[in-house]
Amino acid sequence: MARPWSKSSVTPHPPAYAERLLAWFDLHGRHDLPWQHPRTPYRVWLSEIMLQQTQVRVVAPYFERFVAALPSVRALGEARLDDVLALWSGLGYYARARNLHAAAQRCIELHGGELPRDFDALLALPGIGRSTAGAILSQAWGDRFPILDGNVKRVLARHHGIAGWPGTPAVEKQLWRIAGSLLPDARMADYTQAQMDFGATLCTRHDPACVRCPVQDDCVALREGRVGELPTPKPGKPLPERQCHVLLSTDTQGRVLLQRRPPTGIWAALWSLPEADSHADAQAWIDAHVDAHGTNARTLGAIAHGFTHYRLTMLPLHWRGVAPRNAVRDAADLRWVSRDELQSLGIPAPIRKLLEADLS
DNA sequence: AATGCGGGGAC
DNA sequence: GTCCCAGCATT
């Protein structure tokens, strides 16, 4: 199918990424956020700080109150810290408010009571990092600097198919490079806002609206069906480890002794191998339930299995040629099972795998 | 490279 | 309950 741009344009190239994003922004972007009217450096700065790790809906009322009480850099710098913190109360991350206050005072000392229009000078102010400095310069002045917040990370990770958690320096470095390579020649303020609106309302974390996406044609994640798995989520805390022995008893006819699990909990009511916490417990169980003729167990290879809330390592112990005791024949939850019967029983997958590997 | 910082929203 | 959010500073 012909691309719209390949018909009439003298250039064979599709519109640049930024151009498509800006066209989307004009139609579907957010144009009435409190800090956009008027879009002064002070208001942009304040909004960017408030919006760090904080959602737009939460920030809006705080922004209105704050800027009404302290309408300028100078007013902020000359206010008492307690009053600044009171205006911040409830927003969280209070270091942001302390940094804001200190930065305003430094602007009074060094920059005539205004925010400097200089990347390094902004970066030197407390609370302003690389992304916030870029956001301020681009939004307040239209200067050509990239941003890399959570929205942009998610969008670029998908659009360029970047795997790996964006919190790692290697991935972040790559994303910064891409972000810097996509900047338009004009409309930087709108472009910065467009990226954030795009990430917040269309290329969302869950259920992004790829059908309506202005850059779907060259989205790697969409093409490769990886939208749902990008960006790679932050690695969670390691799950607790549990370990147990599983007791494999086989008789001379190749039958195996299975035990029905309790009706609740993991693998409820399935047929599995008896479990024991320790080697000694395992031996005691064997002595009590089968006649192993005093033979020792053979150790089989460990089985690792992951649950949602812990990881289980099963250490199989194998007694061969054991004979059933009379009592065992009557126990309701114990059963000698031939190989052929295994497939008709409900058996946990890792246990079944062990049995099939060992009995074959 | 990993953590602390905070409250709220979405699921 | 979990995970994430218009990040940055500190270790």
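Letters A, B, ... mirror the listed sequences (proteins, then strands); counts begin at 1. As the structure is a computational prediction, the values presented were derived from the model and not from experiment.
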>> For a quick check of understanding: with a heavy-atom distance under 4.0 Å over all strands, which category does Gly90(A) fall into, base, sugar-phosphate or nothing?
In response: sugar-phosphate
>> Apply side-chain contact (heavy atoms from CB on, under 4.5 Å) to residues Phe66(A) and Val84(A) and explain how you reach the verdict.
In response: CA-CA 8 Å; Phe66(A) 197 103; Val84(A) 177; 4.0 Å; yes
> Do Gln36(A) and Asp32(A) have a side chain donor and acceptor closer than 3.5 Å?
Replying inline: no
>> Can you identify which nucleotide, out of dA6(C), dG7(C), dC4(C), has its nearest atom closest to the Leu33(A) side chain?
In response: dA6(C)
>> Expected output is a numbered-order residue list: members of residues 54-70 of chain A with a heavy atom under 4.0 Å from any atom of DNA chain B. What is it?
In response: Thr54(A), Gln55(A), Arg57(A)
>> Measure OH/Tyr93(A) against P/dG7(C) and give the value in whole Å, please.
In response: 10 Å
> In residues 179-203 of chain A, which ones come under 4.0 Å of DNA chain C, going by heavy atoms?
Replying inline: Gln193(A), Met196(A)
> How do Gln52(A) and Lys234(A) order along DNA chain B: which one's closest nucleotide is nearer the 5' end?
Replying inline: Lys234(A)
> Counting any heavy atom closer than 4.0 Å, what does Trp165(A) reach on the DNA or RNA strands: base, sugar-phosphate only, or nothing?
Replying inline: nothing
> Could you give the CH2-to-P distance, from Trp176(A) to dG7(C), as a whole number of Å?
Replying inline: 11 Å
> Listed by chain and number, what are the salt bridge (charged side-chain N to carboxylate O under 4.0 Å, His left out) partners of Arg298(A), not counting sequence neighbours?
Replying inline: none
>> Any carboxylate oxygen within less than 4.0 angstrom of a Lys/Arg side-chain nitrogen, looking at Arg261(A) and Glu275(A)?
In response: yes
> So which of residues 205-214 of chain A are in contact with DNA chain C, with a heavy-atom cut-off of under 4.0 Å?
Replying inline: Arg205(A)
Return the polar atom pairs (N/O with N/O) between nucleotides 9-11 of chain C and the protein under 3.5 Å, or none.
from   : atom 1 : to        : atom 2 : distance (Å)
dA9(C) : OP1    : Gly127(A) : N      : 2.8

>> Counting the atoms with a prime plus P, OP1 and OP2 as sugar-phosphate, which does Arg98(A) contact under 4.0 Å by heavy atoms, base, sugar-phosphate, or nothing?
In response: nothing
> When you check the side-chain N and O atoms of Arg154(A) and Asn151(A), is any donor under 3.5 Å from an acceptor?
Replying inline: yes
> If you walk 5' to 3' along DNA chain B, what is the first nucleotide with an atom under 4.0 Å of a heavy atom in chain A, and what is the last?
Replying inline: dA1(B) to dA10(B)
